Asks: 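After the structure tokens below, expect a handful of questions from me.
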Amino acid sequence: MPELPEVETTRRGIAPHLLGRRVTRLIVRDARLRWPIPEDLGIQIENQTFTAVRRRAKYLLLDIGGGTLISHLGMSGSLRLVPADTPVLKHEHVDIELDSGMTLRYTDPRRFGAMLWQPAGAEHPLLSHLGPEPLSDEFTGERLYQLSRKRSMAVKPFIMDNAVVVGVGNIYATEALFAAGIDPRREAGRISRARYLALAEEIRKVLARAIDSGGTTLRDFIGGDGKPGYFQQELFVYGRAGQLCKLCGTTLSECRLGQRSSVFCRHCQS
DNA sequence: CGCGACTCCTGCCGGC
DNA sequence: TGCCGGCAGGAGTCGC
């Protein structure tokens, strides 16, 4: 997926176009996402007006009518606004037509994403059990330290656990561990409080910077307003295995942790 | 309960 | 040029 900065960039891009607008029609060309798109989604949102465009973790929460349209972009999804008469391409599975003449179009080649409905007052099971937002006051190095005690897994999959903190995907976990000088293979439960305090700060910094930059441009990611992000040239290690560390010149190493590729500098990270 | 493996799906890239 | 294997931004679920 787009990672958290890309989702936030999408939210900011689409929000001004949705707020106060009425849905004239929902078109589902392919309902087979990670879970089937509910058959009654059209009944829920047609002729209703968007009242808020929120985000929780990597879920976009669009308040409308008697509830919330929940959308997740998975690994390859995007939501963009296009003029209503824009030709439909492959993998453009859903259109939400607005009374403004614009259409919110959902595209997802791999169909790992989701589009679900949550009635007002009920919390969707996907949203319960989520840890704190990384840019909120509830996310601290002390929390990382406390939750990591007696955890035997490597620190990288630990910080990617949504029950620990949400929104830290493979790119930013990799970058934050580099910035904090921590070897991603280290056992989570054997890292000091001081190092977790530093790591939490680096997670906040890398995510905040990426959001400011409009998200990382990865292959074909396009933000909600159609503009690509400009963060990619700022990556120190992600996607750079075999290349030289920008800080010390050592050839960057790669390993797999939790089935995800992990790049690190064996000189700068311990 | 914690952990690692597996799974969903399509596209792309490198190697032969 | 084409085929094939491997890998890709996520994360729920299952088995041990």
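Bear in mind that the values here come from a model prediction, so they are computed numbers and not experimental data. Lettering of chains follows the sequences in order, A, B, ..., and the numbering in each one begins at 1.
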Asks: Taking only N and O in the side chain of A:Tyr172, is any of them less than 4.0 Å away from OP1 or OP2 of C:dG10?
Replies: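 Negative; the distance criterion is not met.
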Asks: Mind calculating the distance between CG (A:Leu257) and P (B:dA5) to the nearest angstrom?
Replies: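 Distance check: A:Leu257 CG to B:dA5 P gives 10 Å.
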Asks: What integer distance in Å separates A:Glu175:CD from C:dG9:P?
Replies: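 Interatomic distance, CD of A:Glu175 to P of C:dG9: 12 Å.
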Asks: Roughly, in whole Å, what's the span from CG in A:Leu130 to P in C:dG10?
Replies: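 Result: 14 Å.
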Asks: Say you pick atom P in B:dC9 and the same atom in C:dC3; how far apart are they, in whole Å?
Replies: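 23 Å, rounded to whole Å.
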Asks: So what is the 5' to 3' dot-bracket string for DNA chain B, if pairs are Watson-Crick or G-U wobble with both distances under 3.5 Å, crossing pairs use [ ] and | means the partner sits on another strand?
Replies: .|||||||.|||||||
Asks: I want to verify a distance call: between C:dA8, B:dC3, C:dG9, whose nearest atom is closest to the A:Arg151 side chain?
Replies: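 Selected nucleotide: B:dC3.
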Asks: Starting at CG of A:Leu73, measure out to NZ of A:Lys58 and round the result to the nearest 0.5 Å.
Replies: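 Rounded to the nearest 0.5 Å, the CG-NZ separation comes to 10.5 Å.
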Asks: A:Trp35 side chain: which of C:dG12, B:dC3, C:dG9 is closest?
Replies: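 Taking heavy atoms from C-beta onward, the closest nucleotide is C:dG12.
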Asks: Closer than 3.5 angstrom, by distance alone: can the side chain of A:Ser76 be matched with the main-chain N or O of A:Arg110 as a donor-acceptor pair?
Replies: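 Yes; judged by distance alone, with no hydrogens or angles, the pair exists.
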Asks: Any side-chain N or O of A:Tyr238 below 4.0 angstrom from OP1/OP2 of C:dG9?
Replies: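 It does, given that an N or O in the side chain of A:Tyr238 lies less than 4.0 Å from OP1 or OP2 of C:dG9.
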Asks: Classify the angle between the aromatic ring planes of A:His93 and A:Tyr106 as parallel (below 30°), tilted (30 to 60°) or perpendicular (above 60°).
Replies: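 Geometry flag for A:Tyr106 against A:His93: tilted rings.
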Asks: Tell me: NE2 of A:His129 to C1' of C:dA11, nearest whole Å?
Replies: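 Those two atoms, NE2 and C1', are 14 Å apart.
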Asks: Is the distance from OP1 or OP2 of C:dA8 to the nearest side-chain N or O of A:Ser261 less than 4.0 Å?
Replies: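 So the side-chain polar atoms of A:Ser261 do come within 4.0 Å of the phosphate oxygens OP1 or OP2 of C:dA8, strictly under.
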Asks: For A:Asn162, answer base if it contacts any base atom (sugar-phosphate contacts may also be present), sugar-phosphate if it contacts only those atoms, and nothing otherwise; contact means non-hydrogen atoms under 4.0 Å.
Replies: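 Sugar-phosphate: the residue A:Asn162, judged by heavy atoms under 4.0 Å, touches backbone atoms but no base.
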Asks: List in chain and number order the residues that pass side-chain hydrogen bond (donor to acceptor under 3.5 Å, both in side chains) with A:Gln269, two or more places apart in sequence or in another chain; answer none if no residue qualifies.
Replies: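 Partners of A:Gln269 by the side-chain hydrogen bond (donor to acceptor under 3.5 Å, both in side chains) criterion come out as none, since no residue qualifies.
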Asks: Report, one pair per line, the protein and nucleotides 6-10 of chain B atoms (nitrogen or oxygen only) whose separation is under 3.5 Å.
Replies:
{"from": "B:dC9", "atom 1": "O4'", "to": "A:Arg110", "atom 2": "O", "distance (Å)": "3.3"}
{"from": "B:dC9", "atom 1": "O3'", "to": "A:Arg111", "atom 2": "NH2", "distance (Å)": "2.9"}
{"from": "B:dC9", "atom 1": "O2", "to": "A:Arg110", "atom 2": "NE", "distance (Å)": "2.9"}
{"from": "B:dT10", "atom 1": "OP1", "to": "A:Arg111", "atom 2": "NH2", "distance (Å)": "3.2"}
{"from": "B:dT10", "atom 1": "O4'", "to": "A:Pro109", "atom 2": "O", "distance (Å)": "3.4"}
{"from": "B:dT10", "atom 1": "O3'", "to": "A:His91", "atom 2": "NE2", "distance (Å)": "3.0"}

Asks: Under a 4.0 Å threshold between the charged nitrogen and the carboxylate oxygen, would A:Arg56 count as salt-bridged to A:Glu133?
Replies: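 Result for this pair is yes, salt bridge flagged.
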Asks: Respond yes when some side-chain nitrogen or oxygen of A:Arg260 is under 4.0 Å from OP1 or OP2 of C:dC7, and no when none is.
Replies: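 Checking C:dC7 against A:Arg260, no side-chain N or O comes under 4.0 Å of OP1 or OP2.
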Asks: With the side chain counted from C-beta on, respond yes when A:Val155 and A:Leu257 share a heavy-atom pair under 4.5 Å apart, and no when they do not.
Replies: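 They are not in side-chain contact.
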Asks: Can you tell me the distance, in whole Å, between the CD atom of A:Glu187 and the P atom of B:dC3?
Replies: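 Rounding to the nearest Å, CD of A:Glu187 and P of B:dC3 are 9 Å apart.
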Asks: Could you tell me how far apart A:Ile171 (CD1) and C:dG10 (P) are, to the nearest whole angstrom?
Replies: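 Taking atom P of C:dG10 as the reference, CD1 of A:Ile171 is at 7 Å.
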Asks: Salt bridge check, A:Arg25 against A:Glu46: does any charged N sit closer than 4.0 Å to a carboxylate O?
Replies: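 No, A:Glu46 and A:Arg25 are not salt-bridged.
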Asks: Over how many whole Å does the gap from A:Ile70 atom CD1 to C:dG10 atom C1' extend?
Replies: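 The answer, rounded to whole Å, is 16 Å.
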Asks: Whether A:His72 contacts C:dA11 is assessed here as follows: a side-chain N or O lying under 4.0 Å from the phosphate OP1 or OP2. Is that the case?
Replies: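 Yes, within the criterion.
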Asks: Side-chain N or O of A:Ser76 less than 4.0 angstrom from OP1 or OP2 on C:dA8?
Replies: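 Answer no for this pair, as no side-chain N or O of A:Ser76 is under 4.0 Å from OP1 or OP2.
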Asks: Can you confirm whether the side chains of A:Thr24 and A:Asp99 place a donor and an acceptor under 3.5 Å from each other?
Replies: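 Side chains of A:Thr24 and A:Asp99: no pair found under 3.5 Å.
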Asks: Find the distance A:Arg256:CZ to C:dG6:C1' and express it as a whole number of Å.
Replies: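 Atom-to-atom, A:Arg256 to C:dG6, this comes out as 9 Å.
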Asks: So, is A:Lys150 near the phosphate of B:dG2, with a side-chain N or O under 4.0 Å from OP1 or OP2?
Replies: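 No, A:Lys150 has no side-chain N/O under 4.0 Å of OP1/OP2 on B:dG2.
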Asks: Considering only atom C1', compute the distance from C:dG9 to B:dC3 and round it to an integer number of Å.
Replies: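 That atom pair is separated by 23 Å.
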Asks: Does the side chain of A:Thr68 pick up a donor-acceptor pair with the side chain of A:Asp63 at under 3.5 Å?
Replies: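 Their side chains do contain a donor-acceptor pair, which is all the 3.5 Å distance test asks for.
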Asks: Hey, could you give me the CZ/CD1 distance between A:Arg105 and A:Ile14, rounded to the nearest 0.5 Å?
Replies: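 With rounding to 0.5 Å, CZ (A:Arg105) is 14.5 Å from CD1 (A:Ile14).
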